[in-house]
Amino acid sequence: MNVDEEVERLKEEIKRLGKPQSDGSYTVIFGVLFNDDRCANIFEALVGTLRAAKKRKILTYDGELLLQGVHDNVEIKLKAEAAASGAAASS
């Protein structure tokens, strides 16, 4: 998978595991994403995919690098426009 494909898969997984917000965005806690078996099987480097998505302004989270254990409670927010574009692309 190339980076763009991984970012698209990440958007799908955040929607699956996260909570929809009133503004159309989705939020998920890093620990939930990191410890999910399906995500573990999809992403070879989840942290790298998260960083790539953040650079593309698809999602936001505090800090530069998320580490298991230390950052398990950090909230990751999939922006509303990114969530909507993913839904349109998959229909």
Side-chain angles (χ1 to χ4, degrees):
M1 247 190 309
N2 68 32
V3 176
D4 291 328
E5 289 173 350
E6 284 202 15
V7 168
E8 287 302 314
R9 295 289 295 271
L10 179 61
K11 287 166 50 175
E12 292 171 18
E13 294 307 309
I14 290 174
K15 285 192 226 176
R16 179 177 67 86
L17 296 169
K19 295 181 175 129
Q21 305 300 304
S22 59
D23 64 357
S25 66
Y26 284 79
T27 59
V28 66
I29 303 300
F30 175 67
V32 170
L33 201 59
F34 191 89
N35 292 311
D36 181 71
D37 288 338
R38 185 165 152 184
C39 286
N41 290 328
I42 293 172
F43 303 107
E44 289 182 30
L46 176 61
V47 173
T49 305
L50 285 166
R51 288 187 69 186
K54 186 175 182 179
K55 280 186 178 182
R56 289 169 168 77
K57 301 187 185 316
I58 290 169
L59 53 82
T60 61
Y61 56 84
D62 291 336
E64 284 296 311
L65 182 66
L66 299 176
L67 302 173
Q68 181 187 16
V70 179
H71 299 111
D72 282 354
N73 293 319
V74 172
E75 184 178 84
I76 299 167
K77 181 176 183 178
L78 175 64
K79 294 182 177 181
E81 52 274 11
S85 71
S90 61
S91 343

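Side chains are part of it too, since the values below use all heavy atoms of this structure and drop only hydrogens, waters and symmetry mates. The structure presented is a predicted model; accordingly, all values stated were derived computationally and were not measured.
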So, taking the atom named CD1 in Ile76 and the one named CG in Asp62, what distance separates them when rounded to the nearest 0.5 Å? 10.5 Å

Pair Leu10-Ile42, side-chain contact (heavy atoms from CB on, under 4.5 Å): steps then yes or no: CA-CA 9 Å; Leu10 179 61; Ile42 293 172; over 6 Å; no

What closest approach, in Å, do Ala52 and Val3 show between heavy atoms, and which atom pair accounts for it? CB-CG1, 3.7 Å

Closest approach of Lys79 to Ser25 (non-hydrogen atoms, all atoms of both residues): C-CB, 4.1 Å

Counting N and O atoms only, with roles assigned by atom type, does the side chain of Asn35 sit under 3.5 Å from a partner on the main chain of Val32, one being a donor and the other an acceptor? no

Supply the atom-to-atom distance Leu33 CG to Phe43 CZ, rounded to the nearest 0.5 angstrom. 7.0 Å

Taking all atoms of both residues into account, what is the closest heavy-atom pair of Gln21 and Thr27, and its distance? NE2-OG1, 3.0 Å

What are the two closest non-hydrogen atoms of Ile29 and Asp72, and how far apart are they? CG2-O, 2.6 Å

Of Arg9, Glu5, Glu6, Glu13, the one forming a side chain to side chain donor-acceptor pair (under 3.5 Å) with Thr49 is Glu6

Distance in Å, Lys19 NZ paired with Tyr26 OH, rounded so as to fall on 0.5 Å steps: 13.5 Å

Distance check, rounded to the nearest 0.5 Å: Thr60 atom OG1 versus Lys57 atom NZ? 11.0 Å

Is it true that atom CG of Asp4 has more than 12 heavy atoms of other residues, nucleotides or ligands lying nearer than 6.0 Å? yes

Only one of Leu50, Val70, Asn73 passes side-chain contact (heavy atoms from CB on, under 4.5 Å) with Phe30; say which it is. Leu50

Using atom types as modelled and distance alone, determine if a side-chain donor or acceptor of Lys54 lies under 3.5 Å from a backbone N or O of Tyr61. yes

Distance-only, no hydrogens or angles: does the Lys11 side chain make a donor-acceptor pair with backbone N or O of Leu78 under 3.5 Å? no

